[in-house]
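The structure appears right after this line, and notes come after that.
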Amino acid sequence: MTVRTRFAPSPTGYLHIGGARTALFAWAYARRHAGQFILRIEDTDVARSTPETVQAILDGMRWLGLEYDEGPFYQMQRMPRYKEVIERMLAAGTAYHCYTAPEELDALREAQMARKEKPRYDGRWRPEPNKTLPAPPAGVSPVVRFRNPLDGAVAWDDAVKGRIEIANAELDDFIIARADGTPTYNFCVVVDDRDMGITHVIRGDDHVNNTPRQINLLEALGAPVPVYAHLSMILGDDGQKLSKRRNSVAVTDYEERGYLPEAVLNYLARLGWSHGDDEVFTMEQFVRWFDLEHITSSAAQFNTEKLDWLNAQYIKSAAVARLSGEAARRLAKRGINPEAGVPLDKAVPLYQERVSNLNELADALEPFCVAVRPSAEMLAAHLTDPARAALKDLRGRLSACAWEKAAISAALKETLAACAMKMPQVAIPLRVALLGQPQSPAIDAVVEVLGRVEALARIDRCL
RNA sequence: GUCCCUAUCGUCUAGAGGCCUAGGACAAUACCCUUUCACGGUAUGAACCGGGGUUCGAAUCCCCGUGGGGACGCCA
């Protein structure tokens with residue numbers, strides 16, 4: 001049997017980080033077992049699903065590089081199929097019409113809550129051998145309810161949570177088609193999972209409570225029951241439930257915040273799953289190692305600091321051309337022409353090991369692309385008279401020396417000797433003059449990358 | 001309220017009854033490196049929620065409690 005997994009988001013505006021992890025695990029499981037990964041868009045909530053929200057999901061998947069073998073399938077396009085199954089269930093007696101009005105149901109629920117009972121449909125329209133049903137009220141279009149077993153229990157061996165058993169008495173005859181004939185969530189999922197031959201349902205654990213209903217439905221349909229793996233949720237950095245207001249929840253936010261997709265993927269893989277002490281690994285390794293047994297069953301708190309660290313690791317090993325491209329894009333977005341100054345490829349290596357995200361890289365590269373204007377405070381603090389004298393001396397030497405790091409470094413040391421100064425006394429003012437900042441990578445490397453013409457011009461501007 | 005899930009350093013986690021004096025990573029602290037800031041290196045501190053069992057032996061199995069989360073829609 002070949003493994004078939006699916007990711008079935010409802011497009012609510014973006015692919016959020018929890019959904020991304022679910023997708024990643026489902027994808028990895030399929031890849032691990034040489035199976036298929038299917039994308040299904042659950043867009044039956046027409047109020048919230050728009051072409052844009054669907055596109056946002058697709059964009060998120062693409063940024064992460066999670067490729068699907070089939071789909072995207074859209075539930076809205078499967079309506080005829082759902083109706084067909086509902087008709088068949090009605091005919092088979094595994095579903096029935098219910099004429100209870102929404103207001104009546106509300107009243108029922110309230111009464112049950114008041115009695116401290118679990119709110120459930122009371123089965124008033126459920127046909128039974130010796131029961132006389134009320135006459136259908138005129139002008140009311142009925143909903144269709146699933147005829148759930150009355151007793152016994154539903155149980156399954158959840159691949160992450162272990163055996164879960166729920167008494168049928170806890171369940172009720174849930175609605176599978178609304179009064180307007182449109183099918184509901186639990187029903188669509190079941191029909192889709194069955195039609196698409198899903199063997200492993202990997203999803204968030206907010207669906208554990210839906211599982212017994214879905215299993216009962218599957219059984220009523222005579223369909224095989226897949227393996228279920230319920231992933232616990234991801235909490236925000238603050239230990240609270242992820243919220244749009246307080247956290248970055250959309251994966252595309254991470255792109256914007258300067259993260260590399262492989263860092264996000266690696267981080268997500270490690271959040272709720274582990275392979276011994278391994279922390280940094282490629283997607284190839286992940287796919288090779290991934291299993292359902294090592295998924296954590298409790299909720300995990302998102303930790304931005306660790307993501308930052310991972311991102312820094314990936315930046316260190318990324319190709320210079322790629323980093324230059326990313327930095328250029330970000331600079332251009334700020335209205336800076338990345339072509340204006342030093343070629344970014346030259347400057348990137350100076351910062352590759354020092355930054356933890358692409359925006360920091362762009363920040364660092366910015367002074368190489370624009371005319372630097374150190375602030376008055378900066379000048380007052382660092383460009384003292386002795387410092388200026390030293391820079392002037394250095395300027396002379398730099399205009400004559402060979403343009404390579406060793407020669408630049410030698411020129412610097414000669415200035416130190418000539419002016420009887422220590423390295424920081426010259427290097428810091430020089431940094432301010434060249435980049436407008438008192439900190440930078442090794443100063444000789446910075447001078448070299450800037451090029452003779454630019455370096456001298458920047459020094460001159462401060463003398 | 002009812003049902004379901006869950007509980008190891010601040011955080012992510014390793015841990016399948018003896019390998020645990022509880023390991024790794026991020027973060028923290030200290031030191032080293034150093035031309036500033038980083039990077040890097042070394043070291044240190046830091047946890048089995050509580051109570052009962054089971055067992056020769058429990059972080060690991062069972063029960064109860066407590067904390068946290070989820071579900072109870074003609075939403076998905």
Side-chain angles (χ1 to χ4, degrees), chain A residues 8-12 42-45 47-49 75 98 100-102 105-106 109 112-121 141-145 158 160-162 164-167 169-172 174-186 188-189 204-212 230 232-233 235 237 239-241 267 270-280 293-294 296-310 312 316 351-356 360 364 409 412-413 416 422-428 430-432 437-444:
Chain A
S10 59
T12 52
E42 311 214 322
D43 57 351
T44 52
D45 185 346
R48 288 191 295 173
S49 299
Q75 288 188 325
C98 167
T100 313
L105 290 173
D106 290 343
R109 259 192 292 273
Q112 287 166 328
M113 292 283 249
R115 270 178 276 137
K116 299 188 192 300
E117 284 169 17
K118 187 170 182 165
R120 271 170 305 185
Y121 174 65
S141 29
V143 299
V144 179
R145 285 185 185 271
D158 196 277
V160 349
K161 298 202 185 273
I164 299 178
E165 194 171 321
I166 287 159
E170 290 296 329
L171 274 22
D172 64 0
F174 61 98
I175 293 172
I176 60 177
R178 303 180 181 90
D180 66 4
T182 57
T184 60
Y185 171 76
N186 277 116
C188 297
V189 167
D205 73 357
D206 46 335
H207 290 291
V208 210
N209 295 276
N210 289 326
T211 307
H230 286 102
S232 49
M233 61 184 312
L235 271 23
D237 235 337
Q240 302 287 105
K241 190 172 158 178
Y267 180 73
R270 236 355 237 90
L271 195 62
W273 174 84
S274 62
H275 184 263
D277 289 341
D278 293 304
E279 296 285 350
V280 185
E293 288 72 47
H294 289 84
T296 315
S297 47
S298 56
Q301 190 172 318
F302 196 91
N303 185 224
T304 307
E305 285 171 333
K306 189 155 182 178
L307 205 213
D308 286 344
W309 173 79
L310 259 175
K316 278 187 227 273
Y351 292 96
Q352 188 165 10
E353 305 233 320
R354 313 166 62 88
V355 300
S356 69
E360 284 178 12
S409 181
L412 209 42
K413 290 199 171 112
L416 256 30
K422 298 267 191 215
M423 184 60 92
Q425 295 175 290
V426 179
I428 302 224
L430 182 54
R431 288 189 170 95
V432 170
Q437 304 156 356
Q439 289 105 34
S440 83
I443 192 63
D444 47 2

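Side chains are part of it too, since the values below use all heavy atoms of this structure and drop only hydrogens, waters and symmetry mates. Numbered from 1 within each chain, the chains take letters A, B, ... in sequence-line order.
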Distance, C1' atom - from B:U13 to B:U6, rounded to whole angstrom:
16 Å
Can you tell me, in whole Å, how much space there is between the P of B:G1 and that of B:G57?
39 Å
Return the value, rounded to whole Å, for the distance between atom CG of A:L310 and atom P of B:U11.
19 Å
Listing time: all N or O pairs from protein to nucleotides 40-45 of chain B that are below 3.5 Å?
none

Would you kindly say whether A:D308 and A:S356 are connected by a side-chain donor-acceptor distance under 3.5 Å?
no
Measuring only the C1' atom in each nucleotide, how far is B:A58 from B:G51? A whole number of Å is fine.
15 Å
If pairing requires Watson-Crick or G-U wobble contacts with both distances under 3.5 Å, which nucleotide is the partner of B:U36?
none
Side chain of A:S297 - closest among B:U6, B:U35, B:U36
B:U6
Once hydrogens and angles are ignored, does a donor-acceptor distance under 3.5 Å link the base of B:G1 to the side chain of A:Q112?
no
It should be established whether A:T296 places a side-chain nitrogen or oxygen under 4.0 Å from OP1 or OP2 of nucleotide B:U13.
yes
Side chain of A:A300 (C-beta onward), nearest among B:C12, B:A7, B:U36
B:C12
Relative to the 5' end of RNA chain B, which residue comes earlier, A:E305 or A:A427, by the nucleotide with the nearest heavy atom?
A:E305
Please tell me which of the listed nucleotides, B:C39, B:U35, B:G24, lies nearest to the side chain of A:E353?
B:C39
Got a list of protein N/O to nucleotides 70-76 of chain B N/O distances below 3.5 Å?
unit_1 : atom_1 : unit_2 : atom_2 : d
B:G70  : OP1    : A:K241 : NZ     : 3.2
B:G70  : N2     : A:N209 : OD1    : 3.3
B:A71  : O4'    : A:N209 : ND2    : 3.0
B:C72  : O2'    : A:P119 : O      : 3.0
B:G73  : OP2    : A:R109 : NH1    : 3.3
B:C74  : O3'    : A:R178 : NE     : 3.1
B:C74  : O2     : A:A179 : N      : 3.1
B:C74  : N4     : A:T100 : O      : 3.3
B:C75  : OP2    : A:R178 : NE     : 2.1
B:C75  : OP2    : A:R178 : NH2    : 3.4
B:C75  : O5'    : A:R178 : NH2    : 3.4
B:C75  : O3'    : A:R178 : NH2    : 3.1
B:C75  : O2'    : A:D45  : OD2    : 3.2
B:A76  : OP1    : A:T44  : OG1    : 3.3
B:A76  : OP1    : A:R178 : NH2    : 2.5
B:A76  : OP2    : A:R178 : NH2    : 2.8
B:A76  : OP2    : A:Y185 : N      : 3.3
B:A76  : O3'    : A:E42  : O      : 3.3
B:A76  : O2'    : A:S10  : OG     : 2.8

Which one is paired to B:A25, where only Watson-Crick or G-U wobble pairs with both distances under 3.5 angstrom count?
B:U11
